*Asks:* 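Got a structure for you, questions after.
Numbered from 1 within each chain, the chains take letters A, B, ... in sequence-line order. Owing to the predicted nature of the structure, the values given are computational and were not obtained by experimental measurement.
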Amino acid sequence: MTVGRGRTLLLLALLVALASLPLWAPRFWIYIGTQALIFAIFAMSLDLLLGYAGLASFGHAAFYGVGAYACGLLALRHVDALIPLLLIGALASAAVAVPIGALSLRATGIYFLMLTLAFAQILWGLAVNWTSLTRGTDGLIGVPRPALPGAGALGFTLNERGPFFILCLAVAVLVFLLLEALTRSPFGRTLEGIRENERRMRALGFPTFRYRLAVFVVGGAIAGLAGSLAAMSNGFATPDLLYWTVSGLVLVAVVVGGSRSLVGPVLGAFLVLIAQLGLSTFVDRWELVLGALFIAFVLFLPRGLVGLVRRA
Amino acid sequence: MDLSIRGLTVRFGAVAALSGVDLEVPAGGRRALIGPNGAGKTTLFDVIAGEQRPAAGTVALGGRDATALPPWQRARLGLGRTFQRSTLFAQLTVAENLALAVRARCRAGWRFWPVRDRELEREVADRLETAHLSGAARRRAGSLGHGEQRRLEIELALAAGPTALLLDEPMAGLSGAERTSAVERLRALPREVTLVIVEHDLDAVFALAERISVLDHGVKIADGTPAEVRADPRVQEVYLGTA
Amino acid sequence: MDVLNLAHGSFYMIGAYTAYSVVLATHSFWLALLIAPLLLALVGGLLELVFFRRLYRHGHLAQVLLTFGFTLVFVDLIRSGYGPTTRSIAPPPSLGGAVHFLGATFSSYSLFVLGVAVVVGALLLAAWRRLRVGAVLRAGVADKEMAGLLGIDLARVFTLTFAFGAGLAGLAGVIAAPEFAIFPAMDASVLILALVVVVLGGLGSIEGAIVGAAVIGLGYVIGTTLFPQVALVLIFGLMAAVLVVRPTGLFGRR
Amino acid sequence: MADQLERYLKSKLSDGVDRRDFLKLGLTATGMAAVAACGGNPTSGSSGSSGPTGPEFKVGAVLPESGVYAELGKSITNGMQMYFDSVANQAGNRKITMVSADEQTALASAVAATKKVVEQDSVDMVAGYVSSPNAAGNRDYLDGQKMPTLIANAGVNSLSRAAKSPFIYRTSFSNWQPSHPMGTYVAEKLGKKKIQLVYAKYGAGLESVAAFKETFTAAGGTIVGPDVATPFPNNGDQTPFVQAINTGEIDGIYCFMSGTDAVSFLKKAAELGTLKKVDLVSGSGFFVEQDVLAAITDAAPLGALTGLHWALTLDTKENQDFVSKYSKKFAGRQADVFAVQGFDTARVIVDALNAVKGKTDDKLNFMKAISHVAFQSPRGDFKFDPNTNNVVQTIYIRKVVHNSKLGWTNQVIDHYPGVADPGK
């Protein structure tokens, strides 16, 4: 009970601190904050798979990248409406997740991990080589941000950093609440049951494959939503977004933060992103520092950042 | 629900784990399956439950051919099972373990929103009571003692509301008192539930079973009432050890 | 050993750089071939003793995080030690030329690499099948308690195996050094390829790794000839196809 | 004593002391000068003691410090540092400071680095970008911020064409430039008419071979297919690509590859003896630039002809001066084309700052001053093209030779002056 209340308080404090960011933080930090929020959405979507359904995907960047490309392509074709642009990323990624999931979920453990990696790398190859659609290694650049209906009357647009940050925060909160509900729903409990003991779940009468596929698609869709936001935020979609290092980084974010908690991946995403962008712009030997940080985490905080809170 | 197994053959590489096994259990029947270790009892359960594909033979559940059905569909036809080694949801609470099984019966897994289901909570509470696990409701299943785990194992299978139940050594590792209470629990089941039980504890077998089938080296060597089986010379030879 | 080690590519990279240093200092490729595997075995053994040992219980994700950290550390150390410049070493003089054979041209060094691969593969396979150490490892991975009961000092076996694996990666790095360029990002591409090979072959199976390597190698060459742009993608496609049909790889059990 | 102090000051300045340190030193220097004056031996023209009084001028250097392009980033940084040091890090009465941020490889990192120097460090201008997608991907932001920018490497043609910006000038090259004269040279001067194209398939490779093809076919040459296009970057075996060179039917190859790819390709080609079987090995100069030659040594393609806007051996006073000073300053490191680009980038900044007397608030005026900068660079005549905001420069035809002093290097054998990108 007290843990639950502590968590809610922590979350509210985090939310208030974040929401006020545009009021006091330097512009650059609002940018970093925006990137971190998008990355946090991405990380939460992976935690749904990893933490709740026990699916260690090493190709989650595929859905992030597909979402970014879908949103970018649509925006460059003069679609100027926020909701469709956000949804297209989620829908495109969900559509891609269906066949990938159907094939990958036949395997388990490291084999599943490698299959998802393989499919992500195939999509990466597609992004690099299907130049007529994706413009190859140059990527889609100059992706415009959509107008927000009614915002003009209030005197701001999403092209300003503050409002865009708040948009990302709103989407992140929405995703958080959605996943929070999902994981506590009968569906979420069923997933946990499958994670714990799939054979038993089958014996009880659950079509476990369908459940795993469903959650894989939902996870993919949310990663695609994050991808949509990333395309809008950065103004580009490049093959790098689908590369396996991005899958690795988001996996690291989830583990560093602590999986199976939703809060953990958010904290992990902030830590990893700030460490990566922040360290690389301020410290020369940033890779060394980041690497040492990860090693220290494994050794001293095996349950991630939330492990600290949970123990307290 | 009646079970009708015909000509089941299962091979692991060159070894035949089961060869041409027939098994007929009428609805409401109480059947025990005995035989020495490695006789193929658990393999037979796996085939009936759909975990293992047979090389030949058919499985019919309630008169319906289920040979090609996946495990979860067989479960939905009314087949339940327990496992030789407890396979619980170790990280979940005892109550949540049972809730999963109840939801399986109600097919309530596809609800994406947290809902308070009082009926479900009441049933879970009742079942905890029945299994003498009320005090452990909020503990993780993995942290239970062996006896408690076995009780939960059986209750989990029952909560899914089976009309036919495969019990794989439910008494294994239990103390005398625990055995008695487990037998009581199974005897208290409604008459229409079919029971097939694999068990080494012959007291329990005779207390529960109306008929006994004997497996040895993947072949069914006897089938009949306890008295008939006891009298069967082949059973005495391979099973009771009188060479 | 059931360890997911992303830093294995780093061992390969360090092997190649060691070869570079040794060749620069002594002009002897053969000396490098001796020193680098030993050095890497030492490094691997130390890492196992200090870090991995504590993590077997924590599962693959902790290993991913730990070894991902190591790849970052190693690449930065290499870069600060050698600079980001691309380096290369020449094949030993006796293997510098080309061989004409069946109407095609092969570089002698490539044939040498092939030879080494066959020998190492055969030795490994023999050791795995015939010697006690293979049986011990298989038992250790399958059931740690049982192996412990049999009186096997699993901890020591694991350390030695890890060191041996690292040494082999170092050997691969030395062998690769004259064939490819030496640069600080060389660990990543080889790591992914190695993972693909091992998984395609089936984990915990030396036969699988050998067959997997042959399949991937052939697939890559055929792929490069037919569709040069997407050869790497084809390899992943190949692996995906195999795993979809056989979810535990070609030789995988369970 | 004053001499010693002056030397100390200069060395301190070149190390880039921060302002507080500098003030402290300045004060001490004044005191010392007074003491020296009493001694009756006044030093004259001590540049150290009369530092700039205007506000600091910050240059945001967005260059790769990690990843595959780190080497190029290092050379460019060195070149810039070297020129800034040569003018005691000041121009137009302003002290020049470099603020660096790691471009890395991926666009996302380059964007973050750019925003960091612009917003967090409030730089007065940005210089850098090794990779073309990174330069192109930051173009809209820099243009929108009206941020004076010098591209110090990225060669993507569009930055001199459709995507050019009044705030972005390029001191390096457009991909079109080094390859374009080579087509004419190969077809007309050498009379080689059948050429196969070999390239790493990405922006720079495609744009380079396209420029070659343009002049080559116009001069009557024929491209013999199929092209050998390698993936980029190609970390795998290069054998299949080397063997795809159709040695029987061609007079030669034209190749665009650089860095690690070029190293592994040339090594494999040397082992298999493929390049010995064609009359002409030609390409963009990056294919056999010093970094590549140094890495492959004995596998270097002797006699290969390539076009580039510079050569280590270029026999001009400016270049020889630059090459020897560079090597002295950076512990024996050899100068390369990227260092020259960095050096010239810094010079453009200094000359423009001097021209506006340090007044950079009027950005358009400052950009105008940049556009007027022209000088004798180590690479020869340097000026900007008002149509493209790109450098106009001489392209040298160079031949790979083994030089007793320098080892493997490129000898200039011909040149095309005043090559300007055709953008409008």
*Asks:* Quick check for you: to the nearest 0.5 Å, what is the distance between C:Leu243 atom CG and A:Arg106 atom CZ?
*Replies:* 10.5 Å

*Asks:* Given that the side chain runs from C-beta out, which part of C:Val199 has a heavy atom under 4.5 Å from chain A: side chain, backbone, both or neither?
*Replies:* both

*Asks:* For chain C, which candidate among A:Gly248, A:Ala292, A:Ala107, A:Ala120 shows the most heavy-atom pairs at distances under 4.5 Å?
*Replies:* A:Ala107

*Asks:* Measuring only between side-chain heavy atoms, which start at C-beta, is A:Leu288 closer than 4.5 Å to C:Val75?
*Replies:* no

*Asks:* Under a 4.5 Å cut-off applied to non-hydrogen side-chain atoms, are C:Val64 and A:Val255 in contact?
*Replies:* no

*Asks:* Test side-chain contact (heavy atoms from CB on, under 4.5 Å) on A:Val298 and C:Phe51; report intermediate values, then the result.
*Replies:* CA-CA 9 Å; A:Val298 179; C:Phe51 295 101; over 6 Å; no

*Asks:* Rounded to the nearest 0.5 Å, how far does CD1 of A:Ile122 lie from CD1 of C:Ile235?
*Replies:* 11.0 Å

*Asks:* So what's closer than 4.5 Å to chain C heavy atoms on A:Phe112: side chain, backbone, both or neither?
*Replies:* neither

*Asks:* Give me the atom names and distance for the closest heavy-atom approach of A:Met114 to C:Leu195.
*Replies:* CE-CB, 3.4 Å

*Asks:* Please examine the side chains of A:Ile295 and C:Val73, heavy atoms only from C-beta on, and report whether any two atoms are closer than 4.5 Å.
*Replies:* yes

*Asks:* Closest approach of A:Ala118 and C:Met239, non-hydrogen atoms and distance?
*Replies:* CB-CE, 3.5 Å

*Asks:* Is the backbone N or O of C:Thr248 less than 3.5 Å from a side-chain atom of A:Tyr111, with the two atoms forming a donor-acceptor pair by type?
*Replies:* yes

*Asks:* Measure distances from C:Thr71 to the heavy atoms of chain A and classify the residue's part below 4.5 Å as side chain, backbone, both or neither.
*Replies:* neither

*Asks:* What part of A:Leu251 gets within 4.5 angstrom of chain C, counting heavy atoms only: side chain, backbone, both, or neither?
*Replies:* side chain

*Asks:* Say you draw a straight line from CG of C:Leu66 to CG of A:Leu299; how long is it, rounded to the nearest 0.5 Å?
*Replies:* 6.5 Å

*Asks:* C:Ile192 versus A:Trp244: any side-chain heavy-atom pair under 4.5 Å?
*Replies:* yes

*Asks:* Considering non-hydrogen atoms only, spot the tightest contact between A:Leu249 and C:Phe68 and give its length.
*Replies:* CD1-CE2, 4.2 Å

*Asks:* For A:Leu123, which atoms come within 4.5 Å of any heavy atom of chain C: side chain, backbone, both, or neither?
*Replies:* neither

